[in-house]
Number of protein chains: 2
Amino acid sequence: MKKHLITTEWNEDDFNRMFLPGIAIDAVIFGFHDQRLMVLLLQYKNTNAFALPGGFIMKHENGNDAAQRILKDRTGLSNIYLEQFYTFADISRHDTSFFKKIMKARGMKPTKNHFLLNRFISIGYYALVDFTKAVPTTDLLADECKWHDLKELPPLIQDHQQIIQKALSTLRQDLDIKLVGFNLLPETFTIGDLQNLYETILDTKFLRTSFQRKILNLGILKMVDKKMTGAAHKAPYLYKFSTK
Amino acid sequence: MKKHLITTEWNEDDFNRMFLPGIAIDAVIFGFHDQRLMVLLLQYKNTNAFALPGGFIMKHENGNDAAQRILKDRTGLSNIYLEQFYTFADISRHDTSFFKKIMKARGMKPTKNHFLLNRFISIGYYALVDFTKAVPTTDLLADECKWHDLKELPPLIQDHQQIIQKALSTLRQDLDIKLVGFNLLPETFTIGDLQNLYETILDTKFLRTSFQRKILNLGILKMVDKKMTGAAHKAPYLYKFSTK
DNA sequence: ACAAAAGTGTTAGCCTTACACCCATGA
DNA sequence: TCATGGGTGTAAGGCTAACACTTTTGT
């Protein structure tokens, strides 16, 4: 049976045999819920530190495939919208205190040249997932894997705060050009939902009427059906993203 | 005396001691000359293969600093406009035939696990330089370092063709947003020069009068002086990029 | 009926396109 | 003076901001 997840049973040789050394992948997984932009974070056992989900590239594996694998492991989803946005390669990233703590707590030996304690560069990917479909899944080193409001992030290890910041600014740039926002919504949604999403991500307000026309004039939405929310107002139309 | 360039005297241990393994930097250095967008390429001795200038990250060096160092080595210029655009991490990149050929020709032993023959991921940077100021400089492994017309590229090693393509498409996106085009021109230039540059990079034509107004309305150009070309027409104004 | 949110119509302003016209210079 | 390219003026069209108005639903 293949070991797909990092387990506490792994020793130094396992890492060295399986993965490219010195190269990590960090994933900023965005979800949208309750008018808030959320990020998936891991909390490690016996620490107060939170971290982005990440992993390594197997010796026979493409970088992008590794990113998809990591995302599948943490969310259960395949074919996720994924975008590589930056590679972080400063020496100041090289902070081993966190990994040492974890390794000790897990009974792994922090030997001097251990795979995990070397300098790493990290390839940053951001992912957009349907919050209602993703199932946050812990790995064996972590305590929990949970959504966090982007506006109320806990303390993060290493440079993960900056990685999230850069992911967000890339997402903001891509939002209008690549029209990626739909990946954060369920299959059908109202224009109001979409406007909330845009306003949250870009941290601005749009005029309702102008936004509606702008989006519909793009010609990429298909009307699906009426929504009967039971709310005390006119039921909005539901739309679907149309690739055509 | 520090060894700043890769020399033929280096042995395997030198590489392993100095550089991060498995991580390369490739630089797509753009220049503009004679209405053409040019790229700096190295040709290696005793081969027909051309390659992008590149290098490795020293163990105590930031990734971005390594890129600046590589650019300084190939162009003589410091403080170059530099932008990281993508990290290439496919397995299919791992093509050792080229390096083996060079190493043999240079009298280096292509041992099985030689630093240069392992799988590499490559961090791609693009640079914009003033063609009139850059001094293409060969390294010791290469035969020559020369500008090549982007439209008439020679055969390139590995995936360097795709790297250039991705650099170009990123440059095209950045051109309007980040207003980086000025880095390709001398300190002072005419609107006509700038229009030629834009038309070449984006491979489109603009209306002369509209382009003029669009650029000037950005408020980032400062008029400097009259140009006396000696050409048989009205002398155009010279402009300077104004950071303010 | 009324409040609340969705949808549509209309006008003004801005930017770009398109083209006409004037300006300066050297042959 | 004439050809050539640079600079400005002006009108049409498209997009967005702003706001008024209508439509639909549950209380």
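This structure is a prediction, so every number in the text was calculated from the model and none was measured. Numbered from 1 within each chain, the chains take letters A, B, ... in sequence-line order.
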query: Going 5' to 3' along DNA chain D, which nucleotides are the first and last within contact of chain A (any atom under 4.0 Å from a heavy atom)?
result: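 First-to-last contact on DNA chain D, by the 4.0 Å heavy-atom rule, is dT16(D) to dG26(D).
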[X] [atom1] to [N] [atom2]: how many Å, rounded?
X         : N      : atom1 : atom2 : answer
Met223(A) : dA6(C) : CE    : P     : 14 Å
Phe189(A) : dA6(C) : CZ    : P     : 15 Å
Phe211(A) : dT8(C) : CZ    : C1'   : 17 Å
Ile215(A) : dA6(C) : CD1   : P     : 15 Å

- prompt: Checking side chain to side chain contact (heavy atoms under 4.5 Å, CB included) for the pair Ile121(A)/Thr87(A): CA distance, chi angles, key distance, verdict?
  reply: CA-CA 7 Å; Ile121(A) 71 161; Thr87(A) 295; 3.9 Å; yes
query: Would Lys151(A) and Asp203(A) pass as an ion pair if we require N to O under 4.0 Å?
result: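 Looking at Lys151(A) and Asp203(A), the cut-off is met.
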message: Between Lys178(A) and Glu83(A) (salt bridge meaning N to carboxylate O under 4.0 Å), is one present in this structure?
response: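 Here Lys178(A) pairs with Glu83(A) in a salt bridge, since their nearest N and O are under 4.0 Å apart.
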message: Reading DNA chain D from 5' onward, which residue's closest nucleotide shows up sooner: Ala235(A) or Gln212(B)?
response: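 Result: Gln212(B).
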query: Between Leu216(B) and Lys234(B), which has a closest nucleotide on DNA chain D that is more 5'?
result: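 Counting from the 5' end, the first nearest nucleotide belongs to Lys234(B).
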- prompt: With sugar-phosphate meaning primed atoms plus P, OP1 and OP2, does Thr209(B) contact a base, only sugar-phosphate, or nothing at under 4.0 Å between heavy atoms?
  reply: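 Base contact.
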query: Can you tell me how far the CG atom of Leu37(B) sits from the CD atom of Glu199(B), to the nearest 0.5 Å?
result: 13.5 Å
field: pair Leu40(B)-Val129(B): side-chain heavy atoms closer than 4.5 Å
entry: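 With C-beta onward as the side chain, the pair stays apart.
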query: In terms of the nearest nucleotide of DNA chain C, which residue is placed more toward the 5' end: His233(A) or Ile191(A)?
result: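 On the 5' side of the pair lies His233(A).
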- line: Minimal heavy-atom distance between Val180(A) and Leu128(A), with the atoms involved, is O-CD1, 3.4 Å
- prompt: What pairs with Gln212(B) under side chain to side chain contact (heavy atoms under 4.5 Å, CB included), at least two apart in sequence or on another chain?
  reply: Ile191(B), Leu216(B)
message: Expected output is a numbered-order residue list: members of residues 192-208 of chain B with a heavy atom under 4.0 Å from any atom of DNA chain D. What is it?
response: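 Output list: Arg208(B).
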- request: Report the relative orientation of the aromatic rings in Tyr198(A) and Phe211(A); use parallel for angles under 30°, tilted for 30 to 60°, perpendicular for over 60°.
  value: perpendicular
task: Please determine which of Arg69(B), Gln68(B), Lys72(B) meets the side-chain hydrogen bond (donor to acceptor under 3.5 Å, both in side chains) test together with Ser78(B).
output: Lys72(B)
